[in-house]
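Reading through the structure tokens given below for one structure.
What you are looking at is a predicted structure, and each value in this text was computed from that prediction instead of being measured.
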Amino acid sequence: MKKRKIEIIASIESYKNLSTFKSIDELNETVRSYKEQFEDELNQTDIDLLNILHSYSAKHKGVSFLTKNNIAKLLNCTRRTIVRKCNKLESLGIIKQYETKRKSDMQQTSNAIVILPIQVEVKEVIKVGNTTEKEQNVTQDLAKMSHQKNNISLKQIHNIKHLNMISTASNRKAYVKLVPKRLQQYQAFFGNKIQSLYGRVWLAMKKLEVQIEQSIMQEIAHIAFDKLVEYLKQGRNMSTEDMHKIVYKIAYNQLSEREDTKDLVNHQKAINKALFLKSKFTLQQHETPSLNLFKEIMNVSFS
């Protein structure tokens, strides 16, 4: 059997032309929708693979080019498993795999894996003459239309990719309330639980009795959520309560150790110790504490 000729050269230009999304938000919404749509068909390995492809598709929105061997290392499984799982995702219409070749020697290299937009059903009304109208359901399988053949030219892809962009628009869902826009991307991993997880970050601040700028709190939330995502990719089985505890602990430690927050935290702790000292000796018939005891509680030295 004659080997099929590989047309696509692995390059930044090619990845840009293969890109199927206008924004990260659209990509995130699409991946989350796929997880909901195929909930009964995707096992944990399938979801982990989709998460990896999603994570590595940010630069060229929807396009990643990790080798099967590297994906296997990330998921701690065999290359054969990854090949099988990629084929499964492709058969479900979630991704499309493109063979590519190096420009230097024109030899085959890692596939470009494209996350496809959600298919859209459009109702088209056709008016015939002045008397009747026919309502025709047109299923626009845009992904299939743009990816029918693996050797499709880049020019063709470029011409139709703008049609693909509209496919996710009608499937976009409202942002989770009380969660900043910059953190909405984590819905792809946590769903609506992102709201309670973000609440645990602020709970850590409340526990420390300090007031921190929102931008810093959001940055801390990024760090905590990234750690959770890392745990999920490692295959850890975590309950919602476990995730709440992890986020709270990370946020608490960040606030206590960051250069831009630790002074506030330490200052508040000193105030709390002073108040404790005051209340303790108020109960002891207003006795005046010794200087040494005050130094011990406050952990300070006097010259």
Side-chain angles (χ1 to χ4, degrees), residues 1-24 26-28 30-31 34-35 38 42 45-119 140-168 185 188 233:
M1 183 177 178
K2 186 177 180 181
K3 190 175 180 180
R4 182 171 50 201
K5 184 179 179 181
I6 300 175
E7 298 289 344
I8 300 176
I9 295 176
S11 66
I12 293 177
E13 181 182 359
S14 297
Y15 301 141
K16 286 182 178 179
N17 286 331
L18 288 170
S19 178
T20 48
F21 298 94
K22 287 183 178 179
S23 68
I24 293 296
E26 287 184 357
L27 173 60
N28 294 340
T30 296
V31 171
Y34 276 136
K35 290 178 181 178
F38 297 107
L42 299 177
T45 304
D46 299 326
I47 293 173
D48 290 343
L49 172 58
L50 183 55
N51 287 339
I52 288 291
L53 298 178
H54 179 203
S55 298
Y56 283 85
S57 297
K59 185 174 182 180
H60 307 291
K61 302 175 186 64
V63 182
S64 60
F65 41 90
L66 283 174
T67 66
K68 297 295 194 300
N69 284 331
N70 285 335
I71 297 175
K73 290 177 182 177
L74 289 171
L75 294 182
N76 195 27
C77 60
T78 64
R79 183 183 184 278
R80 180 177 295 180
T81 297
I82 297 303
V83 171
R84 186 174 71 252
K85 294 298 182 181
C86 282
N87 290 340
K88 178 180 178 180
L89 294 183
E90 188 167 21
S91 68
L92 292 173
I94 297 175
I95 66 170
K96 176 68 180 177
Q97 302 178 85
Y98 289 96
E99 293 180 343
T100 66
K101 58 185 177 182
R102 292 184 294 268
K103 186 176 181 179
S104 58
D105 57 8
M106 293 299 171
Q107 296 299 307
Q108 184 171 2
T109 184
S110 60
N111 288 352
I113 302 178
V114 180
I115 297 176
L116 301 178
I118 300 291
Q119 298 176 9
Q140 298 185 352
D141 189 348
L142 300 175
K144 183 177 180 180
M145 184 176 71
S146 62
H147 303 294
Q148 272 187 332
K149 296 182 179 181
N150 197 46
N151 63 353
I152 188 170
S153 71
L154 289 178
K155 184 176 180 180
Q156 289 174 301
I157 294 171
H158 181 72
N159 288 338
I160 64 178
K161 73 170 185 175
H162 298 292
L163 294 176
N164 292 337
M165 302 299 185
I166 66 170
S167 63
T168 56
Q185 60 180 300
K233 290 176 180 178

* To do: Check whether any side-chain heavy atom of Q108 lies under 4.5 Å from a side-chain heavy atom of T100, and answer yes or no.
  => no
* Heavy-atom check, side chain of V114 versus side chain of I95, under 4.5 Å -> no
* With under 30° as parallel and over 60° as perpendicular, where do the rings of F65 and Y15 fit, or are they tilted in between? -> parallel
* Structure fact -> Looking only at heavy atoms, the pair that brings C86 and Q97 closest together is CB-OE1, 3.6 Å
* To do: Report yes if the side chains of L89 and L42 come closer than 4.5 Å at any heavy-atom pair, otherwise no.
  => yes
* Would you check if there is a donor-acceptor pair between the side chains of S64 and K59 at a distance under 3.5 Å? => no
* Quick one: does V63's side chain get under 4.5 Å of I113's, heavy atoms only? -> no
* Structure fact -> Between L18 and A112, the two heavy atoms sitting closest are CD1-CB, 3.9 Å
* Kindly check if the number of other-residue, nucleotide or ligand heavy atoms within 6.0 Å of OH (Y56) is above 12? => no
* **The single option from I94, I118, L116, T20 passing side chain to side chain contact (heavy atoms under 4.5 Å, CB included) against T30** => I118
* Please name the pair of heavy atoms, one in A72 and one in R79, separated by the smallest distance, quoted to 0.1 Å. => CB-N, 3.8 Å
* Structure fact -> Closest non-hydrogen atoms of N28 and A188, given as atom of the first, atom of the second and distance, are O-CB, 4.2 Å
* **Shortest non-hydrogen contact between S57 and I115, atoms and distance** => OG-CD1, 4.0 Å
* Could you verify whether a donor N or O on one side chain and an acceptor N or O on the other, from T67 and N70, lie under 3.5 Å apart? => yes
* **Donor-acceptor side-chain pairing of K96 and N111 below 3.5 angstrom** => no
* Check K85 against L49 and note the closest heavy-atom contact, atom names and distance. => CB-CD2, 3.5 Å
* Give a yes or no answer on whether the side chain of S19 reaches the backbone of K61 with a donor-acceptor pair at less than 3.5 Å. => yes
* To do: Give a yes or no on whether a salt bridge exists between D46 and K88, defined as a side-chain N under 4.0 angstrom from a carboxylate O.
  => yes
* Side chain to side chain, K35 and L50, heavy atoms closer than 4.5 Å -> yes
* To do: Measure the shortest side-chain to side-chain distance between E99 and I8 over non-hydrogen atoms and say whether it is less than 4.5 angstrom.
  => no
* Does atom CG of D105 have more than 12 heavy-atom neighbours, drawn from other residues, nucleotides or ligands, at distances under 6.0 Å? -> yes
* Out of curiosity, L74 CG to K233 NZ, how far, rounded to the nearest 0.5 Å? -> 8.0 Å
